[in-house]
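Everything on this sheet refers to the single structure shown next.
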Amino acid sequence: MEHIIKKIREFDTIIIHGHIRPDGDCLGSQFGLMNMLKASFKDKNIYVTGASNSEFEFLGIPTLVDDSLFDNALCICVDSTGLDRLSDNRVTKAKYSIKIDHHADSVKFCDYEYIDSSSVSTTQIITEFYKKFKDELVLPKSSALALYIGLLTDSGRFRYDTVTPKTFEIASLLLSFGLDLNFIDEHLNVESLNFARLKGHCLEDFTITDNKFAYLIIKKDDLRKYNVSDEEASGLVTIMSNLDGIKVWALIIECDDGIRVRLRSKGPDINSIAKEFNGGGHKKAAGIMINDWNIIDKFIERTDNFLKEYNS
């Protein structure tokens, strides 16, 4: 972390990158870090670049950064396992680059990388960074909110077994900045009427295999029928999480750029399955992008066989 703060002091322009289809931890890390650095170093130019997510627009909206700003910039990439996962890969144009991440299977693509796979979220790492240098850094309430959102969402509302006592220490610190839990709940738990109707359809349409693999397929026709974006529909990954006897489940959504698979587990290490299909993530939460329905069939068969071996 000493190297990170040294480089932050050194550069006048800092550009913060996140991954494609950003979630709460990604955007929470980006805006939490940006707001903290802006409050701490008022003479620096600090930007968040990349994709947005309508669910988390209350944290901020990324900026379209001009190419010329990268020449003498420090780029900080958060919550991203590889260069191909970045929503803005112009990090290669930067004078220096740093990655801050909590994924164990990260691929090196920055000049310097700080990875702590014991952390439940990247926002936890950034909050620890603040704690270490709090004599120099200022953490405004906007940063505390963004960092808490990442901690909350990536821990599954503090339900995943990656949660540790340190996670609650970090949560306590962030809450001490006067966060409004009702405000957070209203933004994270509100559902549109169209989403609720799609959810009702999906509750009648998922499949459970002989080996207790549950999966739900949502095609473009479903999204059009209920007027729900694939981004919003991705939140349906949780509807199978409480099914009795189900330890592994997947949400399979047909998007404009391919077929997105969100794979989840209550026990088995499903990251190994995701890697077989060029995806990845965590032991109990991983993602895959597939471009062929025939490969989806193979994925379902492979996961079902994996569970057969796991249960035997």
Side-chain angles (χ1 to χ4, degrees), residues 21 23-24 53-55 153-157 159-162 188-312:
R21 298 184 179 276
D23 56 7
N53 181 328
S54 58
E55 183 180 359
T153 55
D154 242 35
S155 67
R157 277 45 169 195
R159 289 181 298 144
Y160 297 159
D161 61 7
T162 49
L188 294 186
N189 293 323
V190 66
E191 292 181 356
S192 69
L193 183 59
N194 288 339
F195 179 86
R197 286 171 172 157
L198 174 61
K199 185 177 182 179
H201 162 73
C202 292
L203 283 169
E204 297 181 345
D205 203 44
F206 61 82
T207 301
I208 300 177
T209 68
D210 291 340
N211 296 302
K212 301 298 183 182
F213 171 46
Y215 64 91
L216 170 62
I217 295 175
I218 300 176
K219 294 201 171 183
K220 286 184 180 180
D221 287 345
D222 299 313
L223 298 175
R224 282 192 287 265
K225 178 180 178 180
Y226 293 96
N227 194 25
V228 172
S229 68
D230 60 88
E231 183 181 276
E232 186 179 6
S234 67
L236 290 168
V237 70
T238 61
I239 69 170
M240 295 170 283
S241 63
N242 294 320
L243 294 173
D244 185 32
I246 300 301
K247 292 183 178 179
V248 175
W249 65 98
L251 175 64
I252 302 167
I253 305 178
E254 185 180 24
C255 308
D256 289 336
D257 55 348
I259 306 163
R260 185 187 183 196
V261 179
R262 302 191 75 189
L263 185 61
R264 297 293 184 266
S265 168
K266 287 183 180 176
D269 181 358
I270 45 83
N271 193 33
S272 59
I273 298 293
K275 286 182 177 179
E276 290 183 26
F277 293 87
N278 298 315
H282 303 281
K283 290 182 179 180
K284 298 183 182 180
I288 311 167
M289 283 298 293
I290 294 173
N291 294 311
D292 188 332
W293 284 106
N294 290 324
I295 298 176
I296 289 292
D297 292 339
K298 292 178 181 178
F299 159 75
I300 293 170
E301 181 180 4
R302 175 67 184 95
T303 308
D304 190 45
N305 288 333
F306 168 80
L307 279 174
K308 182 178 181 180
E309 295 167 6
Y310 181 84
N311 294 325
S312 63

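Residues take their numbers from the sequence shown, with the count starting at 1. Given the structure is predicted, the values throughout are model-derived calculations rather than measurements.
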Is there side-chain contact between [X] and [Y], with at least one heavy-atom pair below 4.5 Å?
| X | Y | result |
| --- | --- | --- |
| Arg302 | Ile273 | yes |
| Phe206 | Leu243 | yes |
| Cys202 | Ile218 | yes |
| Thr209 | Tyr215 | yes |
| Asn53 | Glu231 | yes |
| Asp256 | Lys220 | yes |
| Asp244 | Ile246 | no |

Other residues, nucleotides and ligands only: do more than 12 of their heavy atoms fall within 6.0 Å of CG on Asp210?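 Open.
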Give a yes or no on this: more than 12 heavy atoms of other residues, nucleotides or ligands lie within 6.0 Å of atom NZ of Lys225.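 At most 12 heavy atoms, drawn from other residues, nucleotides or ligands, come within 6.0 Å of this atom.
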Show every ring-ring contact (aromatic ring centres under 6.0 Å, His included) that has at least one partner inside residues 232-281, sequence neighbours left out.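 Pairs touching residues 232-281 that pass the test: Phe277-Phe299.
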Glu232 and Ser54 side chains, donor-acceptor separation under 3.5 Å: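 Their side chains do not contain a donor-acceptor pair, so the 3.5 Å distance test is not met.
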Atom pair NZ/CG of Lys219 and Leu223 - distance to nearest 0.5 Å: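 That separation rounds to 12.0 Å.
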